[in-house]
Every structure is written in C-alpha cells, then in structure tokens.
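Worth knowing before you read on, the calculation uses all heavy atoms, side chains too, and leaves out hydrogens, waters and symmetry mates. Proteins come first, then strands; the chains are lettered A, B, ... in the order of their sequence lines, and each starts at number 1.
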2 protein chains.
Amino acid sequence: MRELVYGVLDKNRKALSLYEIEQQFDNVDRSTIFRTLKTFQDNLLIHSVDDGSGAVKYALCDDDCTCSLDDLHYHFLCTKCGQTHCLKNMPIPKVDLPEGFNFENANFVIKGTCPNCQG
Amino acid sequence: MRELVYGVLDKNRKALSLYEIEQQFDNVDRSTIFRTLKTFQDNLLIHSVDDGSGAVKYALCDDDCTCSLDDLHYHFLCTKCGQTHCLKNMPIPKVDLPEGFNFENANFVIKGTCPNCQG
DNA sequence: ATAACTTTGCAATACTGTTGCACGTAATTC
DNA sequence: GAATTACGTGCAACAGTATTGCAAAGTTAT
C-alpha cells in the first residue's frame with residue numbers, strides 16, 4: 001500500500017488531497033491512505049500543505065527537503081482547476097519578523113490561474 | 001449583534017475563529033455569528049485567514065484594506081497559544097511567478113512563537 | 001503451529017462550516 | 001390600529017474532511 005501511494009504521489013508531481021489519492025484506487029479505504037500518509041509524514045517523505053481549499057494536500061519531499069523544520073517553498077493553488085503546484089525552485093525570502101516573534105515554519109500559498117488554465 | 005461581534009473583533013486585535021468568537025458570548029448561536037461574519041465579509045469590514053489550524057479566522061480590516069482583491073499582509077500563528085496575529089505593517093513582497101502562472105491572491109502564514117509565549 | 005505484531009476495512013465520531021425552517025420582532029403599508 | 005412585509009435569530013439538520021476504535025486479515029518470529 002505504501003508503495004502504491006508513493007507511486008501516485010510520484011506520478012502526479014503535484015500536491016494531492018486525501019480524497020484525490022483515494023480516487024486513484026478502486027477499493028482502498030480512506031483511513032488506510034490517511035494512515036499511510038501519516039506514516040510518510042512522520043518519516044519525512046512527504047510534506048503537507050493547507051492551501052485553503054478545505055482539504056490538506058500532500059506532496060513528495062525532495063531529497064534535501066527540510067520540511068521537518070519548515071516547508072519553505074511557495075505553493076500555487078489554481079482557482080480554476082483546483083490543482084496545487086509546488087514551486088520548489090522558488091525559495092521563500094527571509095522574513096524580518098517584529099521583535100519577539102520567533103520563526104519556526106511558514107506556509108505561503110499563492111492563488112491564481114495555472115499555465116494549463118490560461119486563456 | 002453586529003455591534004457586539006464587531007466589538008469582540010475590535011477588542012481582541014487579532015484574528016479569531018468562529019468558535020473563539022462564540023465563546024465570548026453566553027447564548028448566541030454559531031449560525032448567527034457565522035452569518036454576521038459573512039455579512040461583514042460581504043461589506044469588506046473583515047478579512048478571513050486560513051492559518052492551517054483547521055479553523056478559518058477573522059480579523060478587522062484597516063480603513064485602507066484591499067482584501068476584496070487580496071489580503072496582502074503576513075499572518076503569524078503561534079504554535080503555543082494558537083493565536084493568530086496580523087502583521088499588518090509587513091506587506092508581502094512581490095513574487096516573480098514562473099511563466100504561465102497568474103497571480104490573483106496570496107495567503108502567507110508564518111508559524112512560530114509569539115512575544116507572549118517566549119521563554 | 002502458535003503467538004505477537006502489523007496492516008486494513010468498516011463504522012462511528014469529531015470538528016468546522018453551512019443551510020432550511022420556523023418563530024419573533026421591527027418596519028411598512030393600508 | 002391591523003395586516004403585511006422584511007429582517008434577525010435559534011434550532012436542528014446536513015456536508016465535508018479528518019480522525020479513531022475495533023475486529024478481521026495478513027505477516028513475521030519463535
């Protein structure tokens with residue numbers, strides 16, 4: 001099961017929701033996939049993004065991903081097709097927080113239309 | 001009711017969830033507050049933030065807030081106390097998206113510890 | 001083969017958000 | 001002033017996602 005779920009994430013190359021992953025199987029229970037994803041997260045294989053679509057989405061980490069600390073790249077949610085893309089080659093800039101605030105993690109989501117949905 | 005809800009938001013000076021607002025009243029129904037907040041949003045009095053905590057939070061807009069288009073300031077979610085602060089004096093930087101991506105909106109949430117929870 | 005452990009599926013539950021409906025109050029019309 | 005309309009509220013129900021308890025099925029070790 002883990003191999004299958006990993007395969008789906010690897011094949012799609014974008015962030016998928018629990019429901020979307022479930023759709024790619026015929027007879028696998030939500031909870032099974034949920035626990036599989038949780039295992040992956042615990043072992044830092046994937047990171048999760050809350051893109052504000054109402055469902056958390058999951059995507060594979062790169063080898064050098066530091067998402068245990070933070071998931072420091074932008075994500076892009078297309079408002080037309082609902083797909084979430086990882087903009088991995090766009091590191092987020094350093095943020096100068098006001099005095100007293102301590103940076104741990106960040107979740108930067110940009111919304112708009114993706115290349116597939118232009119025109 | 002609207003005055004009361006507005007008062008709560010004004011008094012707290014941070015983003016509150018529907019549930020948190022409900023807690024500040026004795027016998028007011030969730031749906032009433034929900035609809036009040038919706039009215040506020042329609043009239044651009046408040047903006048909403050999804051900080052990934054599982055609950056959308058609401059905060060008053062400034063007079064010059066352009067949150068009809070986007071809510072372009074950082075938000076800070078404290079991982080200890082769970083409070084969400086608006087970092088209104090920190091506008092988000094312009095982002096150079098890859099070819100084909102079209103910017104409409106952004107939601108930048110930083111997580112960490114807030115001044116109240118240091119040490 | 002038996003025991004211990006893991007994985008899976010089903011069902012139920014939690015939590016947030018949302019809507020339908022009925023009641024009551026306030027404003028408007030005649 | 002009575003009838004009508006509009007509006008706000010509370011209750012209850014429902015939707016969607018996330019999560020957990022439990023038992024059956026499968027796997028591994030002894």
Side-chain angles (χ1 to χ4, degrees), chain A residues 1-9 12 14-43 45-59 67 71 75 77-79 81-84 105 107 109 111, chain B residues 1-9 12 14-60 67 71 75 77-79 81-84 105 107 109 111:
Chain A
M1 198 65 234
R2 291 180 190 156
E3 291 174 5
L4 293 176
V5 171
Y6 190 93
V8 167
L9 288 173
N12 280 273
K14 65 187 181 198
L16 296 173
S17 69
L18 178 55
Y19 180 75
E20 286 168 334
I21 298 171
E22 188 188 359
Q23 291 303 98
Q24 308 221 3
F25 295 100
D26 271 348
N27 279 313
V28 180
D29 196 75
R30 238 199 331 276
S31 60
T32 301
I33 299 173
F34 170 74
R35 285 184 272 230
T36 301
L37 292 171
K38 193 168 184 178
T39 305
F40 283 171
Q41 274 195 92
D42 291 345
N43 293 282
L45 281 173
I46 62 174
H47 60 258
S48 59
V49 201
D50 186 341
D51 59 9
S53 68
V56 178
K57 298 191 177 172
Y58 305 88
C67 62
D71 177 19
H75 289 91
L77 171 66
C78 179
T79 53
C81 63
Q83 289 190 1
T84 298
N105 203 323
N107 187 32
V109 178
K111 297 180 190 175
Chain B
M1 198 63 232
R2 292 180 190 158
E3 291 174 4
L4 293 176
V5 171
Y6 190 94
V8 168
L9 289 173
N12 281 272
K14 65 187 180 198
L16 296 173
S17 69
L18 178 56
Y19 180 76
E20 286 168 334
I21 298 172
E22 187 187 359
Q23 293 301 100
Q24 308 222 3
F25 295 99
D26 271 347
N27 280 313
V28 181
D29 195 75
R30 237 200 334 275
S31 60
T32 301
I33 298 173
F34 169 74
R35 285 184 273 230
T36 302
L37 292 172
K38 194 168 183 180
T39 304
F40 284 171
Q41 273 196 92
D42 290 345
N43 293 282
L44 307 183
L45 282 173
I46 62 174
H47 61 258
S48 58
V49 201
D50 185 341
D51 59 9
S53 67
V56 178
K57 298 191 178 172
Y58 305 88
L60 293 186
C67 62
D71 177 20
H75 288 91
L77 171 66
C78 180
T79 53
C81 63
Q83 290 189 2
T84 298
N105 204 322
N107 185 34
V109 178
K111 297 179 189 176

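Taking atom CG of D29(A) as the reference point, atom C1' of dA23(D) lies 14 Å away to the nearest angstrom. What separates CZ of R2(A) from P of dT6(C) is a distance of 10 Å, to the nearest Å. Nucleotide dG17(C) holds its C1' atom 12 Å from the CD atom of E22(B), rounded to whole Å. D26(B) has its CG atom 16 Å from the P atom of dT9(D), to the nearest Å. As rounded to whole Å, 11 Å separates atom P of dG8(D) from atom CZ of F40(B). Atom pair L37(B):CG and dG17(C):C1' shows a separation of 12 Å (rounding to whole Å applied). Between the C1' atom of dC15(C) and the CD atom of E20(B) lies a distance of 14 Å, rounded to the nearest Å. Spacing between atom CG of D42(A) and atom P of dT7(C) amounts to 12 Å, rounded to whole angstrom units.
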Expected rows: protein N/O vs nucleotides 21-23 of chain C N/O, under 3.5 Å:
none

N/O contacts under 3.5 Å, protein versus nucleotides 16-19 of chain D?
| from | atom 1 | to | atom 2 | distance (Å) |
| --- | --- | --- | --- | --- |
| dA18(D) | OP1 | V56(A) | N | 2.8 |

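L9(A) has its side chain within reach of I46(A): a pair of non-hydrogen atoms, C-beta onward, lies under 4.5 Å apart. Within the 4.5 Å cutoff, side-chain heavy atoms of Y6(B) are placed close to those of F40(B). Between L37(B) and L18(B), the closest side-chain pair of non-hydrogen atoms falls below 4.5 Å. Looking at heavy atoms from C-beta onward, L4(A) lies out of side-chain contact with V8(A) at the 4.5 angstrom threshold.
Counting only residues at least two apart or on different chains, the salt bridge (charged side-chain N to carboxylate O under 4.0 Å, His left out) pairs with a member in residues 35-57 of chain B are D51(B)-K57(B).
With sequence neighbours excluded, the residues satisfying side chain to side chain contact (heavy atoms under 4.5 Å, CB included) with T32(B) are M1(B), V28(B), D29(B), T36(B). Residues satisfying the side chain to side chain contact (heavy atoms under 4.5 Å, CB included) test with Q83(A), not counting sequence neighbours, are K14(A), C81(A), H85(A), N116(A). In this view, E22(A) and Y19(A), R30(A), I33(A) satisfy the side chain to side chain contact (heavy atoms under 4.5 Å, CB included) rule, not counting sequence neighbours.
Under the 3.5 Å distance criterion, the side-chain polar atoms of E20(B) are matched with a main-chain donor or acceptor of S17(B).
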